[in-house]
Structure formats: C-alpha cells, structure tokens
Amino acid sequence: MRKVILFIAMSLDGYIADQNGGVDWLQGQDSNQETKDIYTEFIQNIDTVIMGWNTYHQIVTELSPDQWIYSSLQSYVITHNQKESTENIQFVLQDPSDLIRELKQKEGKDIWICGGVQIIQSLMQNQMIDEYHISIIPILLGSGISLFHTGFSTIPLQLVESHENNGILDTIYIRRKETDINESCDRK
C-alpha cells in the first residue's frame with residue numbers, strides 16, 4: 001500500500017519558514033562544503049505530491065518560476081483559489097485526509113506531503129502520515145512558521161534512520177503501531 005510521507009526541513013527550533021515565509025536559510029553549516037543530496041534518492045519512490053496554495057505559489061514565483069519542478073509527479077494543490085488544472089497539476093478544494101484516502105486506493109508509488117503547515121497539521125491530527133522525513137537545519141530562527149502547533153493528539157514514533165551531513169541532521173521516523181505502543185506500556 002502507498003505510504004504518506006512528510007519530507008520537509010525545519011530549523012532546530014521547529015520552523016519551516018521565517019516570519020516572511022522565506023527559506024533562504026536552508027543550508028548546511030559550511031557553505032564551502034557540499035551537502036549530500038537526499039532528495040534525489042527520496043523522490044525515486046514518489047509519484048504524487050500534495051501541497052497547499054502558499055507552497056505552490058512560492059515554488060512558481062520564487063523557487064522555480066520558469067518551469068514546474070515536479071513535472072514527473074502528479075501534483076495536487078489544495079486551495080480555495082480557483083485555477084484551471086493541467087495534466088499533472090490538479091487544483092482541488094478537498095479535505096486533505098479525504099484526498100489521501102482516495103489516493104491510497106489507487107495504484108502507485110508513495111505520496112509526498114510537501115507543505116502547507118495547515119495541510120500537515122490536519123493530516124497529523126487524523127493520523128494520516130506514515131513517515132516523517134525531517135531534516136533539521138543548524139539554525140535557530142526564533143520565530144516564523146512552526147511545523148508543530150499545539151492541539152494535535154500524541155503520535156508515537158519510532159526512529160528508523162538518522163545521519164548528519166554538513167551540520168544537517170536527517171531523520172526518518174515512522175508511526176508506531178498500536179501493538180508496539182501497548183507492548184511498551186505493558187513493560188513499564
């Protein structure tokens with residue numbers, strides 16, 4: 001079955017963007033040292049990307065205004081803005097969890113949650129994210145757009161992989177199964 005994966009970077013203090021939505025701080029600690037490309041390996045198992053309007057807008061106006069950088073993926077932009085869909089970019093006004101349920105019923109590779117903190121929070125609240133790939137950037141922003149807001153239910157995770165590269169700590173967590181949670185509680 002297709003997995004739903006959050007693949008995102010955040011500052012050490014938990015922000016995915018600065019106060020103005022900027023992400024120009026997404027880099028390792030030494031600008032003279034090459035940082036390992038984990039995206040290329042990650043994207044090989046993905047065929048669908050989901051994002052909100054702000055993430056989409058930042059991509060097409062700032063990060064890659066000349067071409068859609070996810071042209072090899074089926075993209076879903078969850079938005080209230082009415083925009084005409086294209087062959088591989090679908091603009092939808094749909095609850096993120098409902099969209100995930102529909103997509104998981106179809107054949108395909110894994111599904112990447114690219115951004116939109118509201119989409120991420122909604123999917124976390126509904127326990128829809130199977131894996132959390134979080135790159136922790138060596139910077140403290142002090143304020144900005146927080147990845148983790150208060151108000152969601154506890155989500156027990158298991159660390160399955162981590163490595164450091166140029167000060168960036170790349171981590172992969174999976175949701176623990178209920179049986180794993182119950183067994184660890186029984187041992188206490």
Side-chain angles (χ1 to χ4, degrees), residues 1-17 21 23 26 38-59 69-70 72-80 89-137 144-163 168-185:
M1 180 176 268
R2 303 172 82 178
K3 292 184 291 188
V4 177
I5 302 171
L6 173 64
F7 181 84
I8 201 161
M10 71 177 191
S11 65
L12 182 60
D13 52 350
Y15 297 103
I16 60 172
V23 293
L26 292 174
I38 62 168
Y39 172 80
T40 300
E41 183 179 332
F42 166 75
I43 205 71
Q44 291 177 13
N45 296 315
I46 302 294
D47 67 0
T48 304
V49 60
I50 296 174
M51 67 189 71
W53 176 261
N54 290 339
T55 302
Y56 168 79
H57 189 260
Q58 185 177 43
I59 291 168
I69 56 176
Y70 304 127
S72 64
L73 306 175
Q74 182 61 54
S75 301
Y76 291 88
V77 180
I78 299 175
T79 180
H80 293 288
I89 304 174
Q90 299 294 311
F91 296 93
V92 297
L93 177 55
Q94 189 171 6
D95 177 80
S97 296
D98 291 341
L99 177 59
I100 292 294
R101 283 185 201 94
E102 283 179 23
L103 293 172
K104 286 186 94 167
Q105 297 304 312
K106 298 178 181 179
E107 289 293 321
K109 294 181 179 181
D110 294 336
I111 302 164
W112 171 24
I113 307 305
C114 176
V117 73
Q118 292 174 331
I119 292 169
I120 295 166
Q121 294 299 318
S122 173
L123 293 173
M124 287 173 61
Q125 183 66 35
N126 291 308
Q127 304 280 327
M128 299 297 289
I129 299 174
D130 300 306
E131 291 185 12
Y132 294 79
H133 291 224
I134 301 175
S135 295
I136 302 168
I137 308 300
I145 300 171
S146 179
L147 176 57
F148 302 113
H149 291 287
T150 59
F152 60 85
S153 302
T154 301
I155 303 171
L157 302 173
Q158 176 183 339
L159 178 67
V160 294
E161 186 178 328
S162 69
H163 59 277
I168 299 172
L169 181 60
D170 294 309
T171 62
I172 300 175
Y173 292 90
I174 59 171
R175 274 190 302 138
R176 284 189 271 159
K177 297 179 182 110
E178 285 299 318
T179 54
D180 295 341
I181 298 166
N182 294 335
E183 286 175 10
S184 67
C185 290

Pairwise side-chain contact, Met1 with Asp130, heavy-atom cut-off 4.5 Å (strictly under): no
Could you check whether any side-chain heavy atom of His133 comes within less than 4.5 Å of a side-chain heavy atom of Glu161, counting everything from C-beta outward? no
Positive for side chain to side chain contact (heavy atoms under 4.5 Å, CB included) with Tyr76, one of Leu103, Ile100, Ile89: Leu103
Side-chain donor-acceptor distances from residues 38-45 under 3.5 Å, at least two apart:
unit_1: Thr40; atom_1: OG1; unit_2: Asp37; atom_2: OD1; d: 3.4
unit_1: Thr40; atom_1: OG1; unit_2: Asp37; atom_2: OD2; d: 2.2

Would you check if Lys109 and Thr48 make a side-chain contact, meaning some heavy-atom pair closer than 4.5 Å? no
Counting only pairs under 3.5 Å, give me each side-chain donor-acceptor contact of residues 49-58, with atom names and distances, residues two or more places apart or in other chains.
unit_1: Thr55; atom_1: OG1; unit_2: Gly116; atom_2: N; d: 3.2
unit_1: Gln58; atom_1: NE2; unit_2: Gly21; atom_2: O; d: 2.8

Run the salt-bridge test on Asp47 and Lys106 with the 4.0 Å N-O cut-off and return the result as yes or no. no
Is a side-chain N or O of Asp95 found less than 3.5 angstrom from the main chain of Ser97, in a donor-acceptor match? yes
Taking it one step at a time, do Gln125 and Ser153 satisfy side-chain contact (heavy atoms from CB on, under 4.5 Å)? CA-CA 6 Å; Gln125 183 66 35; Ser153 302; 3.5 Å; yes
Measuring only between side-chain heavy atoms, which start at C-beta, is Ile134 closer than 4.5 Å to Ile136? yes
Which heavy atom of Gln94 sits nearest a heavy atom of Ile78, and at what distance? O-CG2, 3.4 Å
So, taking the atom named OH in Tyr70 and the one named CD1 in Ile59, what distance separates them when rounded to the nearest 0.5 Å? 4.5 Å
Find out whether Tyr132 and Leu6 are in side-chain contact, i.e. whether some heavy atom of one side chain is under 4.5 Å from a heavy atom of the other. yes
Between atom CG of Leu157 and atom CZ of Arg176, what is the distance when rounded to the nearest 0.5 Å? 7.0 Å
When every non-hydrogen atom of Leu159 is compared with those of Ile172, the smallest separation belongs to CD1-O, 3.5 Å
Could you tell me which non-hydrogen atom of Leu26 sits nearest to which non-hydrogen atom of Ala9, and how far apart they are? CD2-CB, 3.6 Å
Looking at CZ of Phe91 and OG of Ser75, how far apart are the two atoms once the value is rounded to the nearest 0.5 Å? 9.0 Å
Contact summary for Ile8 and Cys114, nearest pair of heavy atoms: CD1-O, 4.1 Å
To the nearest 0.5 angstrom, please state how far the CD1 atom of Ile137 sits from the OG atom of Ser11. 9.0 Å
Distance in Å, Ile111 CD1 paired with Leu99 CG, rounded so as to fall on 0.5 Å steps: 7.5 Å
Grab the two heavy atoms, one from Val4 and one from Met128, that are nearest each other, plus how far apart they are. CB-O, 3.3 Å
Check for a donor-acceptor pair, side chain of Arg175 on one end and backbone N or O of Ile129 on the other, with a separation under 3.5 Å. yes
Residue pair Pro96 / Ile119: nearest heavy atoms and the distance that separates them: CB-CG2, 4.0 Å
Could you tell me whether Gln127 atom CD has more than 12 heavy atoms of other residues or ligands within 6.0 Å of it? yes
Heavy-atom side-chain proximity of Gln121 to Met124 below 4.5 angstrom: yes
Let me confirm one number: the CG-CD1 distance from Leu123 to Ile113, rounded to the nearest 0.5 Å. 5.0 Å
